[in-house]
Every structure is written in C-alpha cells, then in structure tokens.
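The sequence lines fix the lettering, A, B, ..., with proteins before strands; numbering per chain opens at 1. A quick note: this is a predicted structure, and the numbers were derived from the prediction, not measured.
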There are 2 protein chains.
Amino acid sequence: MATGRQHRPATRSRGIPEATVARLPLYLRALTALSERSVPTVSSEELASAAGVNSAKLRKDFSYLGSYGTRGVGYDVEYLVYQISRELGLTQDWPVVIVGIGNLGAALANYGGFASRGFRVAALIDADPAMTGKQVAGIAVQHVDDLETIIHTGGVSIGVITTPGGAAQQVCERLVAAGVTSILNFAPTVLTVPEGVDVRKVDLSIELQILAFHEQRKAAEEMGGQVGREPGDGEQAVMPA
Amino acid sequence: MATGRQHRPATRSRGIPEATVARLPLYLRALTALSERSVPTVSSEELASAAGVNSAKLRKDFSYLGSYGTRGVGYDVEYLVYQISRELGLTQDWPVVIVGIGNLGAALANYGGFASRGFRVAALIDADPAMTGKQVAGIAVQHVDDLETIIHTGGVSIGVITTPGGAAQQVCERLVAAGVTSILNFAPTVLTVPEGVDVRKVDLSIELQILAFHEQRKAAEEMGGQVGREPGDGEQAVMPA
DNA sequence: ATGTCTTTGTGAACGCGTGCACAAAGATGG
DNA sequence: CCATCTTTGTGCACGCGTTCACAAAGACAT
C-alpha cells in the first residue's frame with residue numbers, strides 16, 4: 001500500500017508485525033462498542049468474532065503487546081482499550097490537515113470518525129482562491145500558499161491529500177518539506193517520498209476493479225467455468241461486446 | 001480486507017494470486033498514462049518504476065497473465081492495456097449502486113474515476129425521504145424502499161455502502177438478498193455475508209490509526225527510543241532525516 | 001548467418017503471516 | 001487443598017508472496 005518506506009525491516013516496529021498493527025484498530029472498535037455496553041470482560045473467541053477474525057490470530061496479535069489476558073476468564077475490556085489506544089498512539093492528539101477541498105475533502109472534513117479517535121482537523125487547504133475563507137465543517141478553508149505556515153504553527157505531522165491526481169505529488173512534496181511525515185493519499189497517483197515518510201493509499205477505483213475481477217470470475221463460473229480454463233487456453237474469453 | 005469469502009482457496013482465481021490482482025489496476029493506470037502519451041513499448045523496469053513496484057514483481061505478475069512481452073524490447077503498451085482490462089473485466093459495463101447519500105456518498109457519486117473504467121453509477125439510494133428525488137451528480141436519489149426493484153431492473157451486481165455504521169449490515173443483507181454479490185463497504189462495521197459474496201472494506205479511521213502508530217514510533221525514535229522497551233533491541237534504525 | 005546486447009520469464013530460496021493444537025495458568029467448586 | 005474446567009499464550013508447520021539471479025529469447029548490427 002504505502003509507497004514510501006515499504007522496504008524497511010517492516011516487522012521491526014518494536015516487534016509488532018505490520019499485519020497486527022493493521023488489525024489493532026479493528027479490535028479497538030469492537031472493544032469500544034463492548035465498553036459502551038459496560039461489558040467487563042471478553043474472551044478471545046467473542047472478540048474475534050466481533051472483529052471478524054480468527055481467535056488464534058487475535059490471541060497471537062495480543063501476545064505481541066504483552067500478556068493482558070487472564071486464563072480461564074478472558075480480557076478486561078477497559079484495560080485492553082487503554083493498552084491498544086496507547087500502542088496506536090491515540091492517547092495523544094494528532095492534528096491533521098486536509099489538502100484539496102473538493103467533494104471528497106469536504107466529506108472527510110465532516111467525517112465524525114476523526115475526532116472520536118484522537119484526530120483533529122487542524123486545517124483545510126485548497127488551491128482555488130474562490131474557496132479561501134469558505135466554511136466547511138465549521139472550519140475556514142485556507143489557501144495553499146499558506147501551507148508551510150499552517151503546518152509549522154499547527155505542529156502538524158499527518159496530511160491527507162484529496163487533490164486531483166495531477167496536483168498530488170507537488171502537494172506531497174510541500175507537505176514533506178514543511179515537516180509532515182505521514183500521508184494518507186486519496187489521489188490516484190503513486191507518490192514518491194523520501195525515506196522516513198509513511199504513505200498510505202486509498203483508491204476507490206482500484207477497489208472497484210478488484211471487485212470487478214472477482215465478479216467476472218463468479219459470472220463465468222456460473223455459466224460453466226467459461227473464462228479461464230485451457231481448451232487450448234487463450235481464445236476462450238468470448239467477450240461479446 | 002474483505003470480510004466475506006476470505007477463507008477460500010484464495011489464489012485459485014484461474015491461478016492468478018490475489019496480490020497480483022490487487023496490483024493489476026496499478027499497472028493499468030500507469031499503462032493508460034503511457035498510452036495517452038503515445039508511448040509504443042515499455043520495459044518492465046520503466047513500468048515498475050511508474051507503478052511504484054519492483055520490476056521482478058511486475059514481471060512475475062505479468063507471467064501469470066501469459067507471455068505478453070518481447071525479450072530485448074519490453075511490452076507493447078496498447079496490447080497490455082487490453083489484456084489487463086480484459087483480465088479485470090473492465091471491457092464490460094458494471095452498473096453500481098451507492099447506498100447512503102451523505103457527504104461521502106455524494107463525493108463518490110461525483111467521483112470521475114468511475115466512468116473512466118467501466119463503472120457506471122446506476123442509482124443513488126438513501127433512507128431519508130427528504131433526499132428522495134434530489135439530484136446528486138445529475139442523478140435523482142431514490143428511496144431505500146425501492147432498493148430491490150432497482151437492483152433487479154438495473155442488473156446490478158456491485159453495491160457501495162456509505163451509510164452510517166448502524167445501518168450497514170441491514171443494507172448489506174438487502175443488497176445481497178436482491179442479488180448483489182460484490183460490496184464495497186465504507187461504513188465502520190464488520191459486515192457478515194454469505195459464502196460467495198465479496199466484501200472489500202475502506203476505512204478512513206483505520207488508515208489514520210495505522211499512520212498514527214508509525215508516527216508515534218518515529219517521534220519516539222527521534223528522542224532516543226523512549227517509547228518501547230529493550231534498550232538492547234533495535235536502536236540501529238537511526239534514520240537521520 | 002553469426003555474435004552481441006538487451007530484456008523477459010522463471011526456478012529456487014527465503015521470510016512473513018496464518019492456523020492448528022496443546023501445554024500452562026488461573027478460576028471455581030467441593 | 002485438590003480436582004476440574006475454561007481460556008490464554010505459543011511452538012510448530014505450512015503456504016503465499018517477494019526477491020534474487022540467471023538462462024532463454026529475441027532484436028539488431030555487421
């Protein structure tokens with residue numbers, strides 16, 4: 001996923017495998033729900049089911065954090081919420097800037113899931129002068145000329161890019177130069193970043209294309225496994241249109 | 001990522017590994033850009049660099065599709081665009097419904113990346129009667145009561161869920177019952193689906209939390225590896241910049 | 001035709017992630 | 001205090017994905 005920094009020891013983050021890190025937010029969400037229902041403890045089986053994973057995997061994941069469970073009983077919900085939050089760094093406040101206030105940028109600015117987990121929209125930035133000063137989600141949009149100042153004064157280290165593809169790399173470079181070291185990229189572009197900068201990519205078009213691939217296969221299987229096989233392989237892909 | 005169907009043979013899709021499928025859209029995008037610049041052929045090295053991957057990986061990926069390259073020369077851009085498009089099922093038209101027309105749903109409806117790759121927004125659906133009839137991205141929003149009819153008459157097999165978390169599972173079940181077999185879920189919920197249905201999940205909050213984790217580690221390393229144990233563990237990753 | 005040079009296609013080794021299966025740990029009841 | 005029962009924590013094996021490194025294939029010049 002990430003473009004920068006993916007070729008590093010990877011799993012060396014204090015020994016916590018990347019795959020485990022990616023699941024921690026999932027567990028945290030399930031645990032938060034339990035906490036709101038005042039459930040005191042939960043077994044690996046129950047929690048795994050709520051998070052949509054296998055219980056052995058969950059136990060192994062937690063084992064990387066330490067031994068927080070009690071055999072014969074399960075895990076203390078509140079304690080685990082705290083431990084995972086701490087591990088993920090959610091006990092502190094993360095100011096975030098969103099660059100590119102189009103439909104998607106506005107949607108993100110309005111997204112409630114941010115504030116609830118230690119993230120705070122510190123600024124909205126757009127290149128269009130007509131947008132400057134407009135209120136989006138209760139925050140005034142600022143012009144991209146002020147990007148560096150905004151990053152510095154706000155102590156921002158996480159940036160979200162929701163610009164068109166063409167502008168993404170340039171925006172990325174300015175963000176990085178100003179001190180941002182983590183980027184969430186929604187633009188359909190491969191970002192090139194220096195060592196030490198993390199990039200995660202979310203690409204709607206790619207997700208749909210992957211679904212289409214499987215959808216096509218299912219449709220083909222349905223009508224007798226027509227797509228793939230080797231009746232000599234190659235020409236079978238009928239493709240009427 | 002996907003919740004349903006992840007425990008199947010996985011790589012059995014006519015022999016194409018899942019990891020490769022996930023990269024094909026990336027290659028396709030890079031190739032399309034080359035095609036627009038009328039570049040006739042491209043080497044694995046160049047294309048890999050444009051797609052942000054390793055050239056050996058790219059060659060192995062393509063080898064699953066067949067031998068479409070010419071040794072000493074490289075790959076024919078147009079031909080490869082066609083082959084990958086066909087493999088991904090993008091030579092046909094995929095009608096898609098979006099359920100939940102809030103900020104995010106509207107943003108997706110307006111997203112240009114859909115139409116360009118064989119996807120067509122067939123309908124926008126929302127549970128709020130006040131939304132019914134409103135035009136979003138030039139399409140009239142329909143009420144969720146008509147969901148089944150819309151799916152059937154439109155021959156829709158791909159659904160995008162952008163509802164609040166609480167409504168997602170129910171919407172999902174209705175979509176599946178109506179015949180949808182691929183779902184792209186933006187709601188912060190683990191969807192449970194029957195065998196044969198593919199679910200892919202996009203979760204903004206999770207992506208940010210993963211970034212926060214790495215950000216915290218970088219900050220800790222900077223000030224002398226204060227966060228995580230073991231003064232004898234991994235101090236070597238100095239990472240000066 | 002032959003040799004050289006470029007680039008593909010792939011066999012093989014390695015490493016990460018997953019899941020099984022069980023021993024260790026603790027709770028609980030008599 | 002002991003037996004039993006539940007549930008965690010983990011050693012181990014297996015499989016997928018990545019990467020290396022090189023032989024085979026073709027282009028191109030002479």
Of the candidates D:dA21, C:dG26, C:dC20, the side chain of A:A56 sits closest to C:dC20
Please tell me which of the listed nucleotides, C:dG17, C:dG9, D:dG17, lies nearest to the side chain of A:E18?
C:dG17
Report the nucleotide, chosen from D:dA27, D:dA24, D:dG9, that has the shortest atom-to-atom distance to any side-chain atom of B:V73.
D:dA27
A:F62 near the nucleic acid: base, sugar-phosphate alone, or nothing, with a heavy-atom cut-off under 4.0 Å?
nothing
Side chain of B:N54: nearest nucleotide among C:dG9, C:dG26, D:dC20?
D:dC20
Just checking, is any N or O donor in the side chain of A:S182 or A:D198 under 3.5 Å from an acceptor N or O on the other one?
no
B:D76 atom CG is separated from D:dA27 atom P, nearest whole Å, by 13 Å
Establish, yes or no, whether a centroid distance under 6.0 Å links the rings of B:F62 and B:Y68.
no
Can you tell me the distance, in whole Å, between the CG atom of B:D61 and the P atom of D:dT18?
7 Å
Return yes if a side-chain donor-acceptor contact under 3.5 Å exists between A:S49 and A:E45, otherwise no.
no
For D:dT8, does either OP1 or OP2 sit under 4.0 Å from a side-chain N or O belonging to A:S44?
yes
Rounded to whole Å, how long is the line connecting atom NZ of B:K57 with atom P of C:dT8?
17 Å
Establish, from distance only, whether the side-chain atoms of B:E173 and B:Q169 form a donor-acceptor pair under 3.5 Å.
yes
A:A19 side chain, from C-beta outward: closest of C:dG19, C:dG17, D:dT18
C:dG17
CG of A:L24 versus P of C:dG17: gap in Å, rounded?
13 Å
D:dT10 P sits how many Å from A:L65 CG, rounded?
12 Å
From the candidates D:dG9, C:dA12, C:dG19, the one with an atom nearest any side-chain atom of B:K60 is C:dA12
Nearest 0.5 Å please: distance from the OH atom of A:Y82 over to the OG1 atom of A:T91.
6.5 Å
OP1, OP2 of D:dT18 versus side-chain N and O of B:R23: anything below 4.0 Å?
yes
Whether the side chain of B:R71 and the base of C:dT7 hold a donor-acceptor pair under 3.5 Å is what I'd like checked.
no
Please give, in whole Å, the distance from C:dG17 P to A:I16 CD1?
12 Å
Side-chain N,O (B:Y68) to OP1/OP2 (C:dT7) below 4.0 Å:
no
Between B:E45 (CD) and C:dT8 (C1'), how many Å, whole number?
12 Å
Nearest to the A:R59 side chain among C:dT8, D:dT18, D:dT8, which nucleotide is it?
D:dT8
